[in-house]
Amino acid sequence: MTQQDIFAAIRAEVLAALGRIIPELPAEIVARVEVQPARDAAHGDMASNAAMVAARAAGRKPAEIAAELATALAALPAIDAATPAGPGFVNLRLAPTAWHGVVRAALAAGNGFGDSTLGAGQAVNVEYVSANPTGPMHIGHCRGAVVGDALAALLAKVGFAVTREYYINDAGAQVAALAWAAYWRYLQALGTTMTEEEYAALVPGGLQYRGEYLIAVGEALLAAHGPALAGPDATPAPPALWLATVRETAVAMMMASIREDLALLGVTQDVFSSERALVAAGAVDRAIATLDAKGLIYEGVLEPPRGKTPDDWEARPQTLFRSTQFGDDVDRPLRKSDGSNTYFSNDIAYHADKAGRGFPLLIDIWGADHGGYVARMAAAVTAITGGAAKLEVVLCQIVRVMRGGEPVRMSKRAGSYVTLRDLIEEVGRDAVRFIMLTRKSDAQMDFDLDQAVAQTRENPVFYVQYAHARCRSVLRAAAEAGVLADGGEAALAEADLALLDDAAELALMRRMGAFPRLVEAAALAREPHRIAFFLYDLASDFHMLWNRGKEDATLRFIRAEQPQATRARLALVAATVAVLRAGLAVLGVTPMEELR
RNA sequence: GCGCCCUUAGCUCAGUUGGAUAGAGCAACAGCCUUCUAAGCUGUGGGUCGGUGGUUCGAAUCCACCAGGGCGCGCCA
């Protein structure tokens, strides 16, 4: 049993046996055959639904097939017992040697345990964060950053060729507003006598982004340009003189700041795509032309939303995309009534650009407030690529930050933090990352600051890292005691694992054996949080085993008088380390050597 | 009004893509340190899986309707 995924290995055996009982089963039946962990340990280690799935096609009773299957499987060396059960399950109890194979596989694979070829090298683009470059990252961006980063790692682990991408929204009204705000800081740096309100009255749409983080931008502009961007006596000059320059500097500085924040979070992305560059290159017009050539564009008037007509509603002709042909509810505007492009058309161009770079699969991580946008964007990707590329969107629900059981108010004035940087400073990067992954992304979440820094079981980060630290502590103690002697940890794979037969040891091995299967399932479902829950369970199994050694000295890992048993147990501990690290690597969380 | 997401133990949440008697943590109670980290472990109690129908060998999971919560709904990005 050299295969990493013991469930896949046993499934292959089940299929072979089933093929002998019922030859020529249709492929779609075979595909439905599963071997999965038993829910109840009393049923054994694994259960297969093979007999139930095959029964109808074979025209036989499930229980009958299950009985024959059980007889055949029981004869295999890796299987200790196979029994038909319930409506037609075959329950399997594996020979301990099969579980020992899992330990060897984990030791051999190390961080690569759970790697698979599921993705077959297919290119996938994961786009996440993509916060507007108008200020430092705040907590609202954080969940998407962590989920996207972990999902990218997860997909890479199962064999996709992953590109991590950030889309810079540097073309729209938001960055113009940013430029106006940065220009105010520049005038202040010059020593203007205007008040903020006087200046705000001059700004189209009003002065936004009043945060102090733009002071540095104003100072940088002064250092680079002196008074050249302003009028006499530090008064505002016409925008034509400064807008483009200020915008460029401000966006560049905001992006630098965001990248610092991302680095603090341990997120590094491969590609940063600029919306402005795409627009300048004519990509939007090309995208619209492509849709037009496919007959998917028309000039039309949209119905007002039913039951909720805006006060200023007025029927106007617009350029519309036939997204209803691809499953959307209504056709969507590509151009505003004044003829300029909507954000949607820029986004179509961007996604077409991504697809054109050779990604048949695009995954975007969005905030839940963009949920209404998913159908039209997916429709557009399908339409413009002729089905060659597919868009999937993972929505992340709101995170509420809690302190002392109360939500922390996101007020800039109240001094309660809003930035990602502050959050990381308070609870640490590992806690931020892990806790963000302890919920399904589409479920709302409370981030409990008190829990995040607690050093108890209720803090999942601590609990998992503590398990790893305990493992390392044992291995260090073993090295000091000289028990590891020959070849150190590397030689533990050659230990006589047959000596691992305690129930708690088997439970731990069973858990590790489930990891490769779980990794694949999590990747297919785009649900990195499953890894976090697995690690918590694995840590729990290990802590349990540890305490067995407290209650019964013969179950301690290190027993000076039993070198063979000691080496076998150290092999199990080292394998646990490998699996914990493999999982933590997906989440981007540090495996701590010690937590003192 | 329409669309999407959510509803599981007192609280916060898992539930291996339809499997067997629905699981964790917290909170409550009772235990375990001359021993590798007690920052841990063990045990007890706690459920109409929001409701009603349907699909089938089998439903917390799929479908329909209903109730409650969240998000969104032409020229914001």
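Lettering follows sequence order; numbering is per chain, from 1. All values below were derived from every heavy atom in this structure, side-chain atoms included, with hydrogens, water molecules and symmetry-related copies excluded. None of the values given here were measured: they were computed from a predicted structure.
- Scanning for side chain to side chain contact (heavy atoms under 4.5 Å, CB included) contacts around A/Q397 gives A/R143, A/A368, A/Q444, with sequence neighbours left out.
- Geometrically, A/R517 engages A/F7 in a cation-pi contact, judged by NZ or CZ lying under 6.0 Å from the ring centre and within 45° of the ring axis.
- For the pair A/H43 NE2 and B/rG23 P, the interatomic distance rounds to 11 Å; values are reported in whole Å.
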List, with names and distances, any nitrogen or oxygen atoms from the protein found under 3.5 Å away from nitrogen or oxygen atoms belonging to nucleotides 40-44 of chain B.
residue	atom	partner	partner atom	Å
B/rG40	OP1	A/R457	N	2.4
B/rG40	O2'	A/R470	NH1	2.9
B/rG40	O2'	A/N547	ND2	2.7
B/rG40	N2	A/N547	OD1	3.0
B/rG40	N3	A/N547	OD1	3.3
B/rC41	OP1	A/R457	NH1	2.8
B/rC41	OP1	A/Y463	OH	2.3
B/rC41	OP2	A/R457	NH1	3.4
B/rC41	O4'	A/N547	ND2	2.9

Given the rule in the side chain to side chain contact (heavy atoms under 4.5 Å, CB included) test, do A/F434 and A/L584 qualify, once you have shown the distances and angles that lead to the verdict?
CA-CA 9 Å; A/F434 199 106; A/L584 287 172; 4.2 Å; yes
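- Shown here are the side chain to side chain contact (heavy atoms under 4.5 Å, CB included) partners of A/L524, two or more places apart in sequence or in another chain: A/L118.
- A gap of 33 Å separates the C1' atoms of B/rA14 and B/rC73, to the nearest Å.
- Distance, A/N49 CG to B/rA20 C1': 13 Å, rounded to whole Å.
- Inspection of the A/Y298 and A/D331 side chains reveals an N or O donor paired with an N or O acceptor under 3.5 Å.
- For A/Q174, the side chain to side chain donor-acceptor pair (under 3.5 Å) partners at least two apart in sequence or on another chain are A/Y209.
- Taking the side chain of A/E275 as heavy atoms from C-beta on, and the options B/rC5, B/rA77, B/rU17, the nearest nucleotide is B/rA77.
- Only the P atoms considered, B/rU16 is 13 Å distant from B/rU7, to the nearest whole Å.
- Taking every heavy atom of residues 502-518 of chain A and every atom of RNA chain B, pairs under 4.0 Å involve A/R517, by number.
- Defined by atom type and a distance below 3.5 Å, a donor-acceptor pair is present between the side-chain atoms of A/E520 and A/S116.
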What one-letter contact string describes nucleotides 54-61 of chain B from 5' to 3', where B marks a base within less than 4.0 Å of any protein heavy atom, S marks contact via sugar-phosphate atoms alone, and - marks no contact?
--SB--B-
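- Note: CD (A/Q451) to C1' (B/rC13) measures 11 Å, nearest angstrom.
- Between the CE atom of A/M592 and the C1' atom of B/rU37 there is a distance of 14 Å, given to the nearest Å.
- Under the side chain to side chain contact (heavy atoms under 4.5 Å, CB included) criterion, A/D430 pairs with A/V461, A/Q465, A/V589, A/T590, A/M592, sequence neighbours left out.
- In the set B/rG74, B/rC5, B/rG15, B/rG15 carries the atom at the smallest distance from any side-chain atom of A/R530.
- At a cut-off of 3.5 angstrom, the base of B/rA77 holds no donor-acceptor pair with the side chain of A/D347.
- Across B/rA20, B/rA14, B/rU17, the shortest atom-to-atom separation from the side chain of A/F533 is found for B/rA14.
- Evaluation of the ring-ring contact (aromatic ring centres under 6.0 Å, His included) rule for A/F272 yields A/Y166 as partners, not counting sequence neighbours.
- In this structure, A/K440 places its NZ atom 19 Å from P of B/rG70, rounding to the nearest Å.
- For the P atoms, the distance linking B/rG40 with B/rA27 amounts to 11 Å, nearest Å.
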Carefully, step by step, assess A/H370 and A/D364 under the rule side chain to side chain donor-acceptor pair (under 3.5 Å).
CA-CA 11 Å; A/H370 290 66; A/D364 288 2; over 6 Å; no
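- To the nearest 0.5 Å, atom OG of residue A/S441 and atom CD1 of residue A/I365 are 7.5 Å apart.
- Among the atoms of the strands shown, base atoms are found under 4.0 Å from some heavy atom of A/A469.
- Side chains of A/S48 and A/E34: a donor-acceptor N/O pair is absent below 3.5 angstrom, by distance only.
- Counting only heavy atoms from C-beta on, A/D369 has its side chain closest to B/rG72 among B/rC6, B/rA77, B/rG72.
- Nucleotides B/rU55 and B/rC65, compared at atom C1', are 15 Å apart to the nearest Å.
- The residue A/A47 sits close to a base: some heavy atom pair falls under 4.0 Å.
- Checking B/rU16, B/rU12, B/rC36 against every side-chain atom of A/P37, the shortest atom distance belongs to B/rU16.
- Taking CG of A/N132 as the reference point, atom CG of A/N169 lies at 4.5 Å (rounded to 0.5 Å).
- Atoms CE (A/M377) and C1' (B/rC76) sit 16 Å apart, rounded to a whole Å.
- Residue A/L395 is the one, among A/M46 and A/L395, whose nearest nucleotide of RNA chain B lies closer to the 5' end (criterion: closest heavy atom).
- Judged by closest nucleotide on RNA chain B, A/A525 is the one of A/A85 and A/A525 placed further toward the 5' end.
- Candidate nucleotides B/rU17, B/rC71, B/rG15 were compared by shortest atom distance to the side chain of A/L524, and B/rU17 ranks first.
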Secondary structure of RNA chain B in dot-bracket form (Watson-Crick or G-U wobble, distances below 3.5 Å, | marking inter-strand pairs)
(((((((..((((.....[...)))).(((((.......))))).....(((((..]....))))))))))))....
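- A salt bridge does not link A/D552 to A/R548: none of the charged side-chain nitrogens sits closer than 4.0 Å to a carboxylate oxygen.
- What separates CZ of A/F89 from P of B/rU21 is a distance of 10 Å, to the nearest Å.
- Of all nucleotides listed (B/rC36, B/rG3, B/rC76), B/rC76 comes nearest to the side chain of A/Q174.
- For the P atom pair drawn from B/rG58 and B/rG15, the interatomic distance equals 26 Å after rounding to whole Å.
- By the side chain to side chain contact (heavy atoms under 4.5 Å, CB included) test, A/H543 pairs with A/Y463, A/Y466, A/A467, A/R470, A/A539, sequence neighbours left out.
- Counting non-hydrogen atoms under 4.0 angstrom, A/Y373 reaches a base of the nucleic acid.
- B/rC33 shows a glycosidic angle within 90° of 0 and is accordingly assigned syn.
- Spacing between B/rC41 and B/rC36 at atom C1', rounded to whole Å, works out to 15 Å.
- Between the NE2 atom of A/H529 and the C1' atom of B/rC6 there is a distance of 14 Å, given to the nearest Å.
- When distances are taken from the side chain of A/H370 to each of B/rC36, B/rA77, B/rC6, the shortest belongs to B/rA77.
- The ring-ring contact (aromatic ring centres under 6.0 Å, His included) analysis of residues 316-346 of chain A, with sequence neighbours excluded, yields the pairs A/F344-A/Y373.
- Judged as a salt bridge (Lys or Arg N to Asp or Glu O under 4.0 Å), and not counting sequence neighbours, the contacts of A/D45 are A/R510.
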